[in-house]
Structures are given as structure tokens and as C-alpha cells.
Peer 1: 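I have a structure I would like to understand better, so I am pasting it below and will then ask my questions one at a time.
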Amino acid sequence: MKILVINAGSSSLKYQLMDPDSGEVFAKGLCERIGIDGRLTHRALEKDIKVVRDIPMPTHAEAITAVLEILVDEVNGVVKSVDEIDAVGHRVLHGGAKFTESCLIDEACKQAIRDCIPLGPLHNPANLMGIEACQKIMPTKPQVAVFDTAFHMTMPPKAYRYAIPDEYYENDSLRRYGFHGTSHRYIAKRVAKLMGRDDLKVINAHLGNGSSLCAIRNGKCQDTSMGLGPLAGVPMGTRAGDVDTTVAQFIANKYNKTIDEVLTILNKKSGVLALSGGLSSDFRDLEAGANAGNEKCQLAMEKFAYEVKKYVGAYAAALGGLDVLVFTAGVGENGPTIRRMVCEGLDFLGIKLDEEKNQKRGEECIISAPDSKVTVWIIPTNEELMIAQDTAELSK
Ligand code: ADP
């Protein structure tokens with residue numbers, strides 16, 4: 001089977017053509033500057049080809065057309081015709097409380113995604129544009145929506161409710177939803193396979209440019225660090241993570257800013273970027289800076305690791321123990337220093353890293369010491385594979 005996985009943003013669209021069984025990726029790429037001018041970057045993996053082309057993309061429909069054209073291109077393509085593509089899987093940010101799993105896209109599903117726009121105002125409209133462009137160009141292909149929030153719908157009310165007046169929950173569905181659900185679900189499944197059992201207490205630390213932690217019991221989400229939106233939890237590349245909302249009120253009042261302007265500051269100008277004095281949101285730069293004696297970079301790394309560590313402690317308490325700690329995503333997979341800083345001093349929880357194994361990067365492996373009570377893993381995440389597998393299953 002060949003599944004096309006689409007992740008549509010407001011002005012970009014990422015794609016992968018892959019086999020859902022073997023996980024083999026035939027081609028992948030990115031359309032950028034949709035609605036501005038348009039650029040396609042395409043890789044055909046087996047042929048070891050990379051092409052970058054400027055192609056006008058006034059809307060997502062032209063972007064999808066460009067993707068299909070290059071996928072069947074004699075030189076740069078990987079299939080003879082679009083007929084070889086069995087189905088299309090779409091990453092959708094917000095499924096609200098309605099979607100507890102992926103779904104085959106029909107009018108009702110699209111309407112439900114539309115109904116969630118107030119909860120995901122930036123992403124859901126873009127995701128819908130991607131879906132509608134694919135439906136227009138490939139009307140006969142099954143399309144499946146895979147939601148970033150769905151995995152978290154097993155949280156109990158004590159985890160997902162905010163302690164705010166009831167009406168905001170009853171009337172407006174304001175609650176914790178959580179994100180990176182497809183990544184957390186992939187890790188939950190993978191851990192069960194690697195450990196040979198699924199009755200496990202697991203904490204997954206998805207640490208990338210955006211970061212979230214997830215407490216998983218018996219393969220199901222019990223709690224997660226992001227909330228109604230992705231601003232909550234640990235500090236991130238440019239997001240502040242948890243801050244007292246009084247901070248927002250203070251900035252708005254003193255600097256005469258609207259709440260939207262303050263949220264832009266908290267989303268785009270905060271996090272480790274801000275703590276490093278504006279130097280970088282990239283942990284490679286922060287580490288280089290810290291090694292060169294830059295105290296702000298050092299503080300940014302310490303703050304990040306400290307907050308991740310606090311979530312590990314909190315979730316071990318929430319789960320009533322811990323069997324497995326997983327590090328995944330850009331920093332989790334590739335950052336030995338952050339992993340060491342997070343795990344330092346957690347021997348009382350049974351977490352003991354093996355310093356040598358911890359030097360590994362981007363490789364599925366155990367990095368805890370043989371006598372560590374908790375098994376610590378690096379597991380490279382694979383959201384696209386989850387999307388492709390759900391799509392294959394639902395379009396059968
Ligand atoms: P996104 O949230 O955008 O999907 P990724 O999961 O790709 O992000 O993670 C991107 C981050 O991974 C970068 O900001 C970078 O800081 C970090 N990263 C990548 N390689 C390394 C490395 N070798 N050491 C430390 N951090 C790394």
C-alpha cells in the first residue's frame with residue numbers, strides 16, 4: 001500500500017508518500033509560501049534526488065497539484081500514476097472532545113473539524129484547506145483525518161478540567177486537550193512492543209521546538225502538559241510554557257497591549273529564545289553558547305531541563321510509580337546534555353542514566369544503567385507512520 005500523508009499549515013504543506021506496513025518512505029517534501037508565491041522542495045529517497053522548484057501556489061490546491069505532479073514525474077517521481085496512491089491521511093490539529101480516534105473524512109467529519117476552529121484558530125482552517133484541496137483533485141481517494149488531540153481523550157476529568165467557573169467548560173468546552181497526541185501514541189505503542197508488555201507506567205518527553213510531556217498508563221494517556229492550546233507546560237523554543245496569567249495582565253496594562261499581542265509575545269518571543277537574550281531557540285546554539293561561557297544560554301538550558309524534570313516528578317506521582325521514561329523529538333532524540341540535566345538527581349525515583357549510552361543520538365536504544373529501576377529509552381518518534389497506518393486501516 002502507498003499512503004500520502006499531508007500536514008497542511010496556513011502557508012505550508014508537508015507531505016510523505018509511504019508504505020504503512022514497512023514504514024518505508026518513498027518520497028517526502030514541503031510546499032512553502034502558499035498564497036505568497038510558492039516553492040516546492042521534494043526528495044525521492046531511493047533515487048537520492050532532491051529538487052527545489054519555484055511553482056506558483058495561490059492556494060493549497062495548486063500545492064497539492066504540484067505534489068502529485070512531481071510524485072508521478074518520470075525523473076523525480078516515485079510512482080507511475082496517481083492510481084498507485086491508495087489513500088490520503090491528514091494531520092489535523094484540534095479534534096476537540098469529539099474525536100477520540102482518527103476518522104474517515106465525510107461531510108460530518110469536516111463539519112466537526114470546522115466546529116473546532118475556535119479551539120484551533122490557526123491550524124484547523126489550514127488543515128481543512130489541505131483536505132478540501134485533496135478532495136477536489138483526488139475525489140475518489142479515501143481521506144482520513146488524524147487528530148493531534150485524540151490520544152489525550154482518555155484523561156480523567158481531574159486531569160483535563162480547569163478550576164475555573166463551570167460555564168466556561170459547559171458552554172465553551174474550555175479544558176485541557178493536549179497536543180503531539182500522534183507522537184505520544186506512537187511512543188506508547190512502541191514502548192509496549194519494545195518492553196514486551198503494555199501494563200506499564202510511562203512518561204514520554206516529546207522535546208522538540210514545541211515540547212510536551214505525557215503520562216501514560218497501560219498505553220492510555222492519563223495527563224499531558226499542554227492545555228487548551230500548545231502554550232502550556234514546559235518552556236519551549238519560543239513559547240513561555242506555564243506562566244502565571246497575572247504576567248499577561250501586567251504586560252497588557254503596563255505596555256498598553258491587547259491580550260492577542262501579549263499571547264504573541266508568549267508564543268513567539270519567549271521560551272529559551274527569550275532566556276538566551278534572543279540568541280537562539282535552537283538547543284544546538286544554546287549548548288554551544290553555554291560551552292563558550294554565555295550565562296544566558298546556560299540559564300535557558302537549566303530552566304528547560306528543570307521544568308521537564310518537575311513534570312517527570314509530577315507524572316511519576318500521578319501514575320503512582322514509573323517503569324519507563326522516553327525521550328523523543330529533536331532535542332529528546334539528539335540532546336545528551338539536556339537528557340543528562342533532566343535525569344540528574346532523579347535516582348530517588350529509580351532513574352539512573354548510563355553516561356556512555358546517553359551519548360547516542362537519533363537511535364532507538366536504552367540509555368539507562370543496567371541497575372536503573374526505570375528503563376530510560378531514546379525512541380525516535382514517527383507521527384507520519386501513525387497517520388499512514390490509521391489511514392490504511394480506515395480506508396480498507
Ligand atoms: P518540531 O517541534 O519543530 O517538530 P523537532 O522535533 O524537529 O521540532 O526539534 C527541533 C529541535 O531539535 C531544534 O530546535 C534543535 O534545538 C533540536 N536539535 C536537533 N538536533 C540537535 C542536537 N544534535 N542537539 C541538541 N538539540 C538538537
Side-chain angles (χ1 to χ4, degrees), residues 5-16 25 28-30 32 41 91 93 122-123 126 146 148 178-187 190 204-214 224-226 229-241 267-276 278-292 294 296-305 307-308 326-343 353 357-365 367 378-387:
V5 176
I6 300 283
N7 182 357
S10 56
S11 68
S12 71
L13 184 148
K14 290 186 203 145
Y15 64 92
Q16 283 198 12
V25 178
K28 62 178 176 181
L30 167 71
E32 291 169 286
T41 306
R91 179 182 184 200
L93 182 84
L122 296 179
H123 293 83
V146 179
D148 234 29
F179 299 92
H180 295 137
T182 312
S183 170
H184 291 301
R185 177 158 60 104
Y186 173 80
I187 298 296
R190 193 73 200 141
N204 183 35
H206 176 113
L207 311 178
N209 190 32
S211 297
S212 71
L213 285 96
C214 188
T224 191
S225 59
M226 284 177 167
L231 180 54
V234 296
M236 309 176 207
T238 65
R239 293 190 193 117
N267 268 302
K268 302 221 159 112
K269 296 187 173 166
S270 298
V272 292
L273 171 71
L275 284 176
S276 69
L279 190 100
S280 177
S281 61
D282 191 305
F283 280 81
R284 287 164 288 200
D285 300 334
L286 299 179
E287 194 168 350
N291 288 340
N294 183 324
K296 290 187 173 183
C297 290
Q298 181 64 30
L299 174 66
M301 291 184 68
E302 278 175 14
K303 172 73 180 169
F304 178 76
E307 296 298 334
V308 173
V326 182
F327 287 97
T328 194
V331 185
E333 292 165 27
N334 301 299
T337 309
I338 287 292
R339 291 193 298 253
R340 175 176 49 73
M341 289 166 79
V342 169
C343 292
L353 275 195
K357 291 182 192 155
N358 183 43
Q359 297 311 310
K360 296 240 170 83
R361 293 171 196 264
E363 190 184 316
E364 192 173 84
C365 60
I367 56 170
I378 299 172
I379 303 182
T381 193
N382 196 342
E383 295 166 82
E384 290 78 13
L385 180 63
M386 278 279 93
I387 296 173

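In each ligand, atom 1 is the first atom listed, and ligand 1 is the first ligand listed. Only this structure's heavy atoms are used, side chains among them; waters, hydrogens and symmetry mates stay out.
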Peer 1: I'd like to know whether ligand 1 has Gly210 as a neighbour, heavy-atom separation below 4.0 Å.
Peer 2: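 In this structure, Gly210 qualifies as a contact of ligand 1 - some heavy atom is under 4.0 Å.
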Peer 1: Considering only the protein, which heavy-atom contact is closest to atom 17 (C) of ligand 1, and what is its distance?
Peer 2: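 Nearest protein contact, heavy atoms only, for atom 17 (C) of ligand 1 is Val331 CG2, 3.6 Å.
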Peer 1: Considering only the protein, which heavy-atom contact is closest to atom 24 (N) of ligand 1, and what is its distance?
Peer 2: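 That would be Asn334 O, 3.1 Å.
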Peer 1: Please confirm whether Asn209 comes within less than 3.5 Å of ligand 1 when only nitrogen or oxygen atoms on both sides are compared.
Peer 2: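 Between Asn209 and ligand 1 (N or O atoms, distance only) the closest approach is under 3.5 Å.
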Peer 1: Who passes salt bridge (Lys or Arg N to Asp or Glu O under 4.0 Å) against Glu364, sequence neighbours left out?
Peer 2: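 For Glu364, the residues satisfying salt bridge (Lys or Arg N to Asp or Glu O under 4.0 Å) (neighbours in sequence not counted) are Arg190.
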Peer 1: Report the part of Arg361 (side chain from C-beta onward, or backbone N, CA, C, O) that has a heavy atom under 4.0 Å from ligand 1; answer both or neither where that applies.
Peer 2: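 It is the side chain that touches ligand 1; the backbone stays farther off.
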Peer 1: Return the closest protein heavy atom for atom 19 (C) of ligand 1 as residue, atom name and distance.
Peer 2: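 Closest protein heavy atom to atom 19 (C) of ligand 1: Arg284 CZ, 3.6 Å.
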Peer 1: Which distance, rounded to the nearest 0.5 Å, do you find between the CZ of Arg91 and the CG of Asp148?
Peer 2: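 Rounded to the nearest 0.5 Å, the CZ-CG separation comes out at 4.0 Å.
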Peer 1: Tell me, which protein residue and heavy-atom name are nearest atom 26 (N) of ligand 1, and how many Å apart are they?
Peer 2: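 That would be Phe283 CB, 3.7 Å.
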Peer 1: Starting from atom 6 (O) of ligand 1, find the nearest protein heavy-atom neighbour and note its residue, name and distance.
Peer 2: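 Atom 6 (O) of ligand 1 sits closest to the protein heavy atom Gly330 N, 2.9 Å.
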Peer 1: Which heavy atom of Asn358 sits nearest a heavy atom of Pro336, and at what distance?
Peer 2: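 Closest approach of Asn358 to Pro336: ND2-O, 3.1 Å.
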Peer 1: Check whether any side-chain heavy atom of Thr328 sits under 4.5 Å from a side-chain heavy atom of Tyr186, and report yes or no.
Peer 2: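 No - every pair of side-chain heavy atoms lies 4.5 Å or more apart.
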Peer 1: Is the side chain of Ser225 donor-acceptor paired with the backbone N or O of Leu213 at a distance under 3.5 Å, no angle test?
Peer 2: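 Yes; at least one donor-acceptor contact below 3.5 Å.
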Peer 1: Enter the distance from Leu207:CG to Glu333:CD here, rounded to the nearest 0.5 Å.
Peer 2: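 These two atoms lie 10.0 Å from each other.
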Peer 1: Classify the ring geometry between His206 and His180 as parallel (under 30°), tilted (30 to 60°) or perpendicular (over 60°).
Peer 2: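 Parallel: the ring planes of His206 and His180 meet at under 30°.
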Peer 1: Is atom 9 (O) of ligand 1 in close reach of the protein, with a heavy atom under 4.0 Å away?
Peer 2: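 There is a protein heavy atom less than 4.0 Å from atom 9 (O) of ligand 1.
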Peer 1: Please round to the nearest 0.5 Å and tell me the distance separating atom OG of Ser12 and atom CD of Glu32.
Peer 2: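 One gets 7.5 Å once the value is rounded to the nearest 0.5 Å.
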Peer 1: Using a 3.5 Å cut-off on N or O atoms only, is Gly335 in polar contact with ligand 1?
Peer 2: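 The answer is no, given that Gly335 and ligand 1 share no N or O pair closer than 3.5 Å.
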Peer 1: Nearest heavy atom to atom 14 (O) of ligand 1 wins, so pick from Thr238, Thr381, Asp282, Val272.
Peer 2: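 Checking each option, the heavy atom nearest atom 14 (O) of ligand 1 is found in Asp282.
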